[in-house]
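These notes are about the structure you will find just below.
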Number of protein chains: 2
Amino acid sequence: MSNLKIASTDDLECDIPHPLETEHLAELGQGVLEPEKAQRMAEFFSFLGDPNRLRILSLLAQEELCVCDLAIALTMSESAVSHQLRTLRAIRLVRYEKRGRKVFYRLADHHILNLYQAVAEHLDEID
Amino acid sequence: MSNLKIASTDDLECDIPHPLETEHLAELGQGVLEPEKAQRMAEFFSFLGDPNRLRILSLLAQEELCVCDLAIALTMSESAVSHQLRTLRAIRLVRYEKRGRKVFYRLADHHILNLYQAVAEHLDEID
DNA sequence: TTAAAATATGAATAGCTGTTCAGATATTCG
DNA sequence: CGAATATCTGAACAGCTATTCATATTTTAA
């Protein structure tokens, strides 16, 4: 039985001090991430949760590039790159500009670079 | 035809200056995120790419909790919570300690909180 | 105008992921 | 001991996702 429901005898076995159960329940409620915001954050992280998208971003962090150059540099089909850019466009992580028959993409936001580097450093530390 | 392959006449249509094509190709190669590291980073972001995992982390950021309390606070089955904690354990994002028949989980790393807050702020800005 | 290049797009498919369900293990209580 | 609690685990299933393939569109080159 959870100590969230009733004042149980659990306090005898787990020797950490607990506030009154009613207060404890209220505390938990206020600390949870709202489902709606959790959803938005999860979507954002998911967009960064693909190796090829990260590699695209790593290239665009240096210079703007067109689809076919990205495809070559990443050894991906142009269609696959285009599909990925479509999703990156949807969340406004990249901007694009058409010149002739080419479309040049570049990063739209430098917040992503900070995240990018933070995780890169984090992974270097824990390994 | 991509400007990565040959020195084409593309420079006539796209009026940004380009270095020599051979140098350009070399530049691109050094800037790409290594596939192996891209994979690891993507895995890490993917772990944060689930609403329920984020909500678990948001709770554990405040206090340690056992599985059944997490389940109640998140309105999830205990099994689902346990499965998620399993993956969070795998990447060492949480630590656990068994006391009696309960298992208490807490954050193992405060780097995640920084990321967490960075994204939360980012999302607040772009909306 | 015809051909080729660059990109975009929708459908289809294979692979991944998160949940549920059933059951196993371990611990406490009577 | 036997019953209840807390957690874990594997299998199965549904939903999502990233790629491929075929095709359409637009623009430049010949």
Side-chain angles (χ1 to χ4, degrees), chain A residues 1-6 8-15 35 38-39 42-43 45-56 64-91 94 96-105, chain B residues 1-6 8-15 35 38-39 42-43 45-56 64-91 94 96-105:
Chain A
M1 185 73 68
S2 161
N3 53 22
L4 281 178
K5 284 181 177 174
I6 62 170
S8 64
T9 56
D10 285 334
D11 291 328
L12 297 176
E13 33 163 321
C14 57
D15 43 3
Q39 182 66 37
E43 281 174 10
F45 280 120
S46 290
F47 280 121
L48 298 178
D50 178 79
N52 286 332
R53 271 197 297 270
L54 287 175
R55 296 178 77 217
I56 288 175
E64 67 174 10
L65 286 169
C66 62
V67 180
C68 62
D69 284 359
L70 283 169
I72 292 174
L74 300 171
T75 327
M76 292 174 63
S77 75
E78 294 181 358
S79 179
V81 172
S82 182
H83 275 295
Q84 295 291 24
L85 289 171
R86 176 184 164 88
T87 73
L88 291 175
R89 237 158 46 205
I91 53 170
V94 298
Y96 65 97
E97 187 182 343
K98 188 167 186 177
R99 297 197 203 110
R101 53 188 154 185
K102 292 189 177 181
V103 179
F104 287 87
Y105 284 81
Chain B
M1 186 71 71
S2 162
N3 52 23
L4 281 176
K5 286 180 178 173
I6 61 170
S8 64
T9 57
D10 285 334
D11 291 328
L12 296 177
E13 33 163 321
C14 57
D15 43 5
Q39 182 67 38
E43 281 174 11
F45 280 121
S46 291
F47 280 121
L48 298 177
D50 178 79
N52 287 333
R53 271 197 296 271
L54 286 176
R55 296 177 78 216
I56 288 175
E64 67 174 9
L65 286 169
C66 62
V67 180
C68 61
D69 284 358
L70 282 169
I72 292 174
L74 300 172
T75 327
M76 291 174 64
S77 75
E78 294 181 358
S79 179
V81 172
S82 183
H83 275 295
Q84 295 291 25
L85 288 171
R86 177 184 164 89
T87 72
L88 291 175
R89 238 160 44 207
I91 52 170
V94 298
Y96 65 98
E97 187 182 342
K98 188 167 185 176
R99 297 197 202 109
R101 52 188 153 184
K102 293 189 178 182
V103 180
F104 287 87
Y105 284 82

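Below, chains carry the letters A, B, ... as their sequence lines are ordered, and counting in each starts from 1.
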remark   = Taken in chain and number order and not counting sequence neighbours, the residues that satisfy side-chain contact (heavy atoms from CB on, under 4.5 Å) with A/Val94 are A/Leu57, A/Leu60, A/Leu88, A/Arg89, A/Tyr105, A/Leu107
Round to the nearest Å and state the distance from [X] atom [atom1] to [N] atom [atom2].
X        : N      : atom1 : atom2 : value
A/Asp69  : C/dT7  : CG    : C1'   : 13 Å
A/Leu48  : D/dA18 : CG    : P     : 12 Å
B/Phe45  : D/dT17 : CZ    : P     : 17 Å
B/Arg101 : C/dT28 : CZ    : P     : 7 Å
B/Asn52  : C/dT19 : CG    : C1'   : 10 Å
B/Gln39  : C/dG15 : CD    : P     : 16 Å

Below 3.5 Å is the cut-off: list the nitrogen or oxygen pairs between protein and nucleotides 12-14 of chain C, distance only.
none

request  = Spell out yes or no: do the side chain of A/Ser79 and the base of D/dC21 have one donor N/O and one acceptor N/O closer than 3.5 Å?
outcome  =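 Yes, the side chain and the base share a sub-3.5 Å donor-acceptor pair.
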Side-chain N or O of [X] versus OP1/OP2 of [N]: is the shortest distance under 4.0 Å?
X       : N      : answer
B/Arg53 : C/dG18 : yes
A/Arg99 : D/dT28 : no
A/Arg89 : C/dT9  : yes

Nearest to the side chain of [X], heavy atoms from C-beta on, is which of [options]?
X       : options                : value
B/Ser77 : D/dT19, C/dT20, C/dG18 : C/dT20
B/Val67 : D/dC8, C/dA8, C/dC29   : D/dC8
A/Met76 : C/dT27, D/dC8, D/dT19  : D/dT19
A/Cys66 : C/dT7, C/dG18, C/dC29  : C/dT7

message = So B/Tyr105, base contact, sugar-phosphate only, or nothing? Heavy-atom distance under 4.0 Å.
response = sugar-phosphate
query = By a strict heavy-atom criterion of less than 4.0 Å, which residues belonging to residues 80-87 of chain B are in contact with DNA chain D?
reply =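 Those residues are B/Ser82, B/His83, B/Arg86.
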inquiry  = Going by salt bridge (Lys or Arg N to Asp or Glu O under 4.0 Å), name the residues that satisfy it together with B/Glu97, two or more places apart in sequence or in a different chain.
reply    = B/Arg99
5'-most by nearest nucleotide on DNA chain D - B/Tyr96 or A/Ser46 =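 In this pair, the answer is B/Tyr96.
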What donor-acceptor contacts under 3.5 angstrom involve side-chain atoms of residues 73-84 of chain B, with partners at least two apart or in another chain?
| unit_1 | atom_1 | unit_2 | atom_2 | d |
| --- | --- | --- | --- | --- |
| B/Ser77 | OG | B/Ala80 | N | 3.0 |
| B/Gln84 | OE1 | B/Arg53 | NH1 | 2.8 |
| B/Gln84 | NE2 | B/Asp50 | OD2 | 3.3 |

